[in-house]
Amino acid sequence: MNRTLYDKIWDEHKIHENSDGSSLVYIDRHLIHEVTSPQAFDGLHLKNRNVWNKNTIYAVSDHNVPTINRELGINDDISKLQVDTLISNCKKHEISYFDLNDVNQGIVHVIGPELAITQPGMTLVCGDSHTSTHGALASLAFGIGTSDVEHVLATQCINITKEKNMRINVNNTLNPLVTAKDLILHIIKSIGTSGGTGYTIEFSGKCIESLSIESRMTICNMSIEAGAKSGLVAFDENTYNYMMDKKYSPSKKYLSEAIKYWETLKSDNHSKFDQDINFDADLITPQVSWGTSPEMTVDVTGQVPDPELEKNSEKKESIQRAIDYMGLKPNDPIQEIMLDKIFIGSCTNSRIEDLRAAASVIKGEKIASNISQAIVVPGSGHVKMQAEEEGLDKIFLKAGFEWRQPGCSMCLGMNDDNLLPHERCASTSNRNFEGRQGDKGRTHLVSPAMAAAAAIKGHFINVIDFINEK
Amino acid sequence: MKNKVIQGQVIPINQSNIDTDAIIPKQYLKSINKSGFGPYLFDSLRYMDPGDLATTSKRKENPDFILNKKPFRNGSIIVANDNFGCGSSREHAVWALKDYGIQAVISTSFADIFYRNSFKNSLLLIIIKKSELETIFRSLTTNPIYNLTIDVQNQTITTPDETCIQFDISDSEKERIIFDLDDIELSLKHADKIRDYESKIKLKKPWLFNKNNE
């Protein structure tokens, strides 16, 4: 029987099949953070239960932490209590925790791969929907709610029903300055925010093979925005190179055994997918979201849609509602939309490659006068340090950007980094929902290079034209 | 046979892609408790002024929002369009719905993580056909007082005009709604199997447990 990559990881971890068709599946790694774990630990304590295997768990605070003057501690008492609760739960159960001022601290989905906590062929969960990110390393990773966090803490397993297999095959290669972010936004625009619901998506094809692991993470990260809990990419030479010499890479003693297993992590020839979708990478241009769902995205050279042209009345109303919320007008050219803030960061786009891309656009330029704030929030302490070694922080600061400390920051605005009512932001994050970055705030999702060019111009511009004119 | 019958006024939300950020905005995720989220359900749509966990003053309601209108304020069954509960995995969204008094959500489709979280908390989600959904929305425009009766064991929804809509639900989901199951206890019945599996992979994939890189 020819199996897909998803089938293989599933079979490898299935412990027991329940009578209702669901299975008890073993979880190799469990990542936890301050926001979705306190109630899970409470549940354990109420029933006097223990953590099953503390060695599989890594914890970090990222969602609700300041990105400025962190050395002084957390100002907000409610936020501080949440972080302190995680720290005390980790102490009680002897779980590895990366402290706020530790270089290993960062966004949970950035540090997992970066420290090789995430490894090929693993099952990995976290109480966060963007756990799909880790699938870039040929692992089966998905987000769970707090009840499941408690369940995995107590049993090291999860009861789930197997998803269907979807393959998204991307032919050819991306044009210069068109990035993984543009590709995944284009895919979501095409298949819709529920196009992947009920599926695990394997991304494959020439384009995916040509992409770095960091770019693959951007793509897998936003699988959830297409409705799929997990996205994954087969193990290859890029994965192999990425896995070497990291903090928790397999030791020399076991490396050859590990590699032998990793090399099996690809779909067999002629394995069966329930759905196959093809895209051509070289036809894709830089993307900008105009509305309040990630599927509401157009080419940068395009315009805001006209609801009058939509025949379906429910869709028409949803377009109109999004246009009103976003403070736009039908047929407004995307490149004429003026911006207030710029956010470069989030688990989608805060890795070194993203910061390099943005910095290369910004170099020698200044942000436009209408931009009230532009911030860069590196994904981790290591990304920050690497960027500083390369002098990227200087480029950003000189252009008028703020250079912050690692965390989720303005992607969801749980800390002090957020949009004021009606402010408009070019953001490298993953969600443009109403109020996501701040009450009544307006979010446009773009790649780091596009956000950088928008910062300089004060409005959206095709980054390809921007570089050609430069 | 034990059953659960839910009866209540419908709250119609004829929108697709209602995300969990809308159901419970981020500022409330700072709470370390599981209860007390009801007053913040659909917070930014429901109130005119912003709020957070520290807000003590009475907030001004948005008179246009469905939960602030009669008879919907006391409703307990949400009927919404496609892909309800998409986005963030925050279980706080389910806790907020439950805490407000919502007992069931009816839609044409739900996001996967939200779906799991709901049944973990005995919040009944029901998937019906688009045509059935549209009929409910249409009926509500002529008569907003609209009570549904949901019989979980018999898998039926009965409308005020006695129309009966049959729905699918798995046996295990049914059990979750009718009984208060302790999932962890159920899984721990397989503790020996989990231990066996773990000792097997310790030999097969020793690098997985080699935390300190020894």
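None of these values were measured; they are calculated from a predicted model. Atoms considered below: every heavy atom in the structure, side chains included; atoms not considered: hydrogens, waters and symmetry mates. Chain A is the first sequence line, chain B the second, and so forth, proteins listed ahead of strands; every chain is numbered from 1.
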*Contact class of A:E150 relative to chain B, heavy atoms under 4.5 angstrom*: both
*Using only heavy-atom distances, determine whether the side chains of B:E91 and A:T36 contain a donor-acceptor pair under 3.5 Å.*
no
*Hey, are A:Q39 and B:W95 close enough side-chain-wise for a donor-acceptor pair under 3.5 Å?*
no
_Most contacts with chain A, counted as non-hydrogen pairs under 4.5 angstrom, among B:A93, B:A54, B:A191_ = B:A191
*Is the A:H13 ring parallel, tilted or perpendicular to the B:Y197 ring (thresholds 30°, 60°)?*
tilted
*asked:* Between A:Q156 and B:R195, is the side-chain contact (heavy atoms from CB on, under 4.5 Å) condition met? List the steps.
replied: CA-CA 10 Å; A:Q156 205 55 43; B:R195 264 189 288 272; over 6 Å; no
*Is it the side chain or the backbone of A:K315 that comes within 4.5 Å of chain B heavy atoms, both, or neither?*
neither
_Can you tell me which portion of A:T197 sits under 4.5 Å from chain B's heavy atoms? Options are side chain, backbone, both or neither._
both
*Considering heavy atoms only, which positions within residues 19-29 of chain B lie below 4.5 Å of chain A?*
B:D19, B:D21, B:K26, B:L29
*asked:* Please tell me whether B:S187 and A:N159 have a donor and an acceptor in their side chains that are separated by less than 3.5 angstrom.
replied: yes
*Does B:K205 pair with A:E12 as a salt bridge, N-O distance under 4.0 Å?*
yes
*What residue in A:E257, A:E225, A:E314 has the most heavy-atom pairs under 4.5 Å with chain B?*
A:E314
*Heavy-atom distances under 4.5 Å only: say whether A:I158 touches chain B with side chain, backbone, both or neither.*
side chain
*Answer yes or no: does atom CD of B:E185 have more than 12 heavy-atom neighbours from other residues, nucleotides or ligands under 6.0 Å?*
no
